[in-house]
Amino acid sequence: MNKSILGTLLITGTLSLVALSFFFSQPAISHDSDDDDYFAEVKYRGVKPVDNSEYQEECGSCHMAYPAGLLPEKSWRKVMTNLDEHFGDNAELLPESQQNILNYLVNNAADKSNYHRAKKIARSMINYKTVDRITQTPYFVRKHDEIPKKYVIANPKVGSFSQCNACHLNAEKGAFNEDEVSIPGVGYWHD
């Protein structure tokens, strides 16, 4: 075989392998919406895991430090302005700490996120009232509507739908895939 043809084939093959490796190394994106423009900026699945030590320490000492992508900015502002009556508890912080945590939550909120599930949560909140509970977002309600309350609320190992990490095995990693749901005392859940 001619050396120049062989060289061309080697270069073409190498470029093809490079292109394929680039394609397969990109984050997975799944579209289950008809509005592809809304999800055009999506870069990652799930929601961004918590990566702020102050938030993790202050809020995570009482409950799961919920990923910021589970609520939009307006909701996080509502949560953080009522810390003296934080769901029946006084969770007040020093002003500097409160501002730092608020900034973190706002900058990583669902409506500012490039994560797939966060975008869906934000989209569910368009033209919806501002809520201060993840469990009140239309997206959450729709995703959990078929789970019998007895499996969660009456379950002493869970107690509330707000205990995400009780059933979502990878909640702390920002993964809320329904294939990774195991309800304590019930087992894996598939609707």
- Message: Tell me if the OH atom of Y188 is crowded by more than 12 foreign heavy atoms within 6.0 Å.
- Response: no
- Message: Taking NZ in K157 as the centre, count heavy atoms belonging to other residues, nucleotides or ligands within less than 6.0 Å. Is the count above 12?
- Response: no
- Query: Is the backbone of A171 close enough, under 3.5 Å, to the side chain of N165 for a donor and an acceptor to pair up by distance?
  - Reply: no
- Measure up the F161 and F140 rings against each other and bin them: parallel (under 30°), tilted (30 to 60°), perpendicular (over 60°). perpendicular
- Item | Separation between CD of E58 and CG of L94, rounded to the nearest 0.5 Å | 7.5 Å
- Separation between CG (N170) and CG (N177), nearest 0.5 Å, reads 9.0 Å
- Task: Report yes or no: does D89 contribute a side-chain atom to a donor-acceptor pair with the main-chain N or O of A91 at less than 3.5 Å?
- Result: no
- Measure the spacing between OG of S162 and NE2 of H63 and express it to the nearest 0.5 Å. 8.5 Å
- Message: To the closest 0.5 Å, what do you measure between CG (D84) and CG (N82)?
- Response: 6.5 Å
- Message: Count I, L, V, M, F, W, Y as connected when their side-chain heavy atoms are under 4.5 Å apart, and connections chain through other members. Are Y128 and Y139 then in the same cluster?
- Response: yes
- Query: Quick check: does any side chain N or O of W76 sit under 3.5 Å from a backbone N or O of A68, one acting as donor and the other as acceptor?
  - Reply: yes
- Regarding N52 and Q56, is there a side-chain donor-to-acceptor distance under 3.5 Å anywhere? no
- Message: Looking at every non-hydrogen atom in both residues, tell me the closest pair between S124 and T137 and how far apart they are.
- Response: OG-CB, 4.5 Å
- Can you check whether Y66's main-chain N or O pairs, donor with acceptor, with Y55's side chain at less than 3.5 Å? yes
- Check whether any side-chain heavy atom of K173 lies under 4.5 Å from a side-chain heavy atom of E180, and answer yes or no. no
- Query: Are side-chain heavy atoms of M125 and S75 found at a separation under 4.5 Å?
  - Reply: yes
- Inter-residue atom distance N155.CG - K150.NZ, 0.5 Å rounding: 11.5 Å
- First locate atom CG of N114, then atom CG of N108, and finally report the distance between them rounded to the nearest 0.5 Å. 10.5 Å
- Min side-chain heavy-atom separation M80-L105 under 4.5 Å: yes
